[in-house]
Amino acid sequence: MQFNIHHHDTGSKARIGTIKTDHGDIKTPVFMPVGTAGTVKAIHNKDLKEQVNARIILGNTYHLYLRPGTEILKKVGGLHKFNAWDKPLLTDSGGYQVYSLAHRRKMNEEGVVFQSHIDGSRHKFSPEIVMDIQRAIGGDIIMAFDECTPYPCEYDYAQRSMEMTHRWLTRCCNHFDNTNGLYGYSQSLFPIVQGSTYKDLRIQSAEYIASCDREGNAIGGLSVGEPAEMMYEMTELVCNILPVDKPRYLMGVGTPANILESIALGVDMFDCVMPTRNARNGMIFTSEGILNMRNRKWIDDFSPIDPNGTTFVDSIYSKAYLRHLFAAGEMLGPIIATMHNLGFYLWLVDEAANHIANNTFMDWKNIMVKKLGQRL
RNA sequence: GGGGAGGUUCCAGAGUGGUUAAAUGGGGCAGACUGUAAAUCUGUUGGCUACGCCUUCGGAGGUUCGAAUCCUUCCCUCCCCA
């Protein structure tokens, strides 16, 4: 993997670049659609590529390990083969599930013992095991096994958790460096900064992660319920420490406004379930604001879903029709909304790239941030 | 013609003297959703000059301190047998 920064915005920390992987190039800043169980829900790969302009999608270690399981993934030759996605793939380590499924886990220095949310069976995740699973899945970028702390989080816990995440990272790196990819292309391991909402911990963690000198770095443990200002403060602090010449990945973020603000702080990569999950729940993001397509007010609005939208669904279907689909519980509703939202998210980061290249990013961003959160 | 069941708030459907503006589900309306246990979850759903009042359980009348619940009568549905 290689990262080339093409341009640095003169008015902010925003930059544009290209991550080169064995499955193709990733223009940054980039939004990565989340495909937890080996599928970005409600959309085909063809549409992800041709309509949405997605260049990399996620998969999830915990979910893919439980189903279909590593044996099947090895047998088929990795997730790229299994789900027919031939572009770059990133897998999350299951660290988020340590947080989101906290009530069915037992954690210690060695790792985590989980109870499957599917059948209650017990499974163990350790840094070494998680590296092996991610080798089997075959993501181009794989994530260190960490603990994503909740918010709010006591200082002592945040500190102990961060220190353990650091020790786990050392084990991840050792195991990763002592093993090889299974399918003939290279994989990159990204470490994850933790430290909750405490400045000194974030600084300490960012310095440690930077010292590991991997090919890219991630910021985790944010967007878990803390105020947005706090998230920006932590992101800024950490971005100022993480190396400039390596991609920075802010995990789990976020709203369109969150993404633009974070690009301004020097973040290059984002992923979030928001555009896909909210799409399935009837929410549409546009450059003018947010629409709840279930609302009665759209019942006879026959104008296009989004006149500024870049995917074909934006122009051929009306708001009234999309509202009807959601009202009727028709599956085409979530399908249309998913394509629209992902198309919008990718448009947003690509438009950001254009403005960074033209040194007009900050003015544009400030105007956009005001509009993006509005309810239409 | 004979026998039986029933009419409840938008719908389905509980409730059979007071704690019932009326369970529950659906529908409607609105909200939430940030490295996905999510095509999920939550709230709300008679009216009003509202922390109190008015109108509602097929219609009318009656019993009672009090009726969706009991009585009389009328109207209307559905099922079975001829």
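Small disclaimer: the values here were computed from a predicted structure and weren't measured. Values reported hereafter were calculated over all heavy atoms of this structure, with side chains retained and with hydrogens, waters and symmetry mates removed.
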Are any of [X]'s side-chain N or O atoms less than 4.0 Å away from OP1 or OP2 of [N]?
X	N	answer
Thr36(A)	rU36(B)	yes
Gln97(A)	rU36(B)	yes
Ser93(A)	rG35(B)	no

Next item on the list: Spell out protein contact along nucleotides 25-33 of chain B as letters: B when the base is contacted, S when just the sugar-phosphate is, - when no protein heavy atom is under 4.0 Å; keep the 5' to 3' order.
Entry: ---SSSBBB
Would you give me the side-chain donor-acceptor pairs under 3.5 Å for residues 14-21 of chain A, sequence neighbours excluded?
from     : atom 1 : to        : atom 2 : distance (Å)
Arg15(A) : NE     : Gly266(A) : O      : 3.3
Arg15(A) : NE     : Asp268(A) : OD1    : 2.8
Arg15(A) : NE     : Asp268(A) : OD2    : 3.3
Arg15(A) : NH1    : Val244(A) : O      : 2.6
Arg15(A) : NH2    : Val244(A) : O      : 3.4
Arg15(A) : NH2    : Lys246(A) : O      : 3.1
Arg15(A) : NH2    : Asp268(A) : OD2    : 2.7
Thr18(A) : OG1    : His6(A)   : NE2    : 2.5
Lys20(A) : NZ     : Asp25(A)  : OD2    : 3.2
Thr21(A) : OG1    : His23(A)  : N      : 3.0
Thr21(A) : OG1    : Gly24(A)  : N      : 3.2
Thr21(A) : OG1    : Gly24(A)  : O      : 2.8

Item checked: Main-chain N/O of Leu58(A) paired with Asp92(A) side-chain donor or acceptor, under 3.5 Å ->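 No: the side chain of Asp92(A) does not pair with the backbone of Leu58(A).
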Going by the rule ring-ring contact (aromatic ring centres under 6.0 Å, His included), which residues pair with [X] if we only count those two or more places apart in sequence or in a different chain?
X	answer
Phe82(A)	none
Trp168(A)	Phe145(A)
Tyr208(A)	His166(A)
Phe270(A)	none

Take the protein atom [atom1] of [X] and the nucleotide atom [atom2] of [N], then report the distance between them rounded to whole Å.
X	N	atom1	atom2	value
Arg105(A)	rA37(B)	CZ	P	14 Å
Phe285(A)	rU34(B)	CZ	P	11 Å
Tyr232(A)	rU34(B)	OH	P	15 Å
Arg280(A)	rA37(B)	CZ	C1'	12 Å
His103(A)	rA37(B)	NE2	P	9 Å

Any base atoms under 4.0 Å from [X], or only sugar-phosphate, or nothing? Heavy atoms, all strands.
X	value
Gly333(A)	nothing
Leu58(A)	sugar-phosphate
Glu226(A)	nothing
Ser116(A)	nothing
Asp146(A)	base

Margin query: Can you say whether a donor on the side chain of Ser100(A) sits under 3.5 Å from an acceptor on the base of rU36(B), or the other way round?
Written below: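 Between rU36(B) and Ser100(A), which were checked side chain against base, a qualifying N/O pair under 3.5 Å is absent.
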Check: Which residue, Phe344(A), Phe31(A), Tyr345(A), Trp347(A), forms the ring pair (Phe, Tyr, Trp, His ring centres under 6.0 Å) with Phe285(A)?
Finding: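 Of the listed options, the one satisfying the test is Tyr345(A).
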Item checked: rC65(B) to rA12(B) separation - C1' atoms, rounded to the nearest Å ->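 rC65(B) and rA12(B) have their C1' atoms separated by 36 Å.
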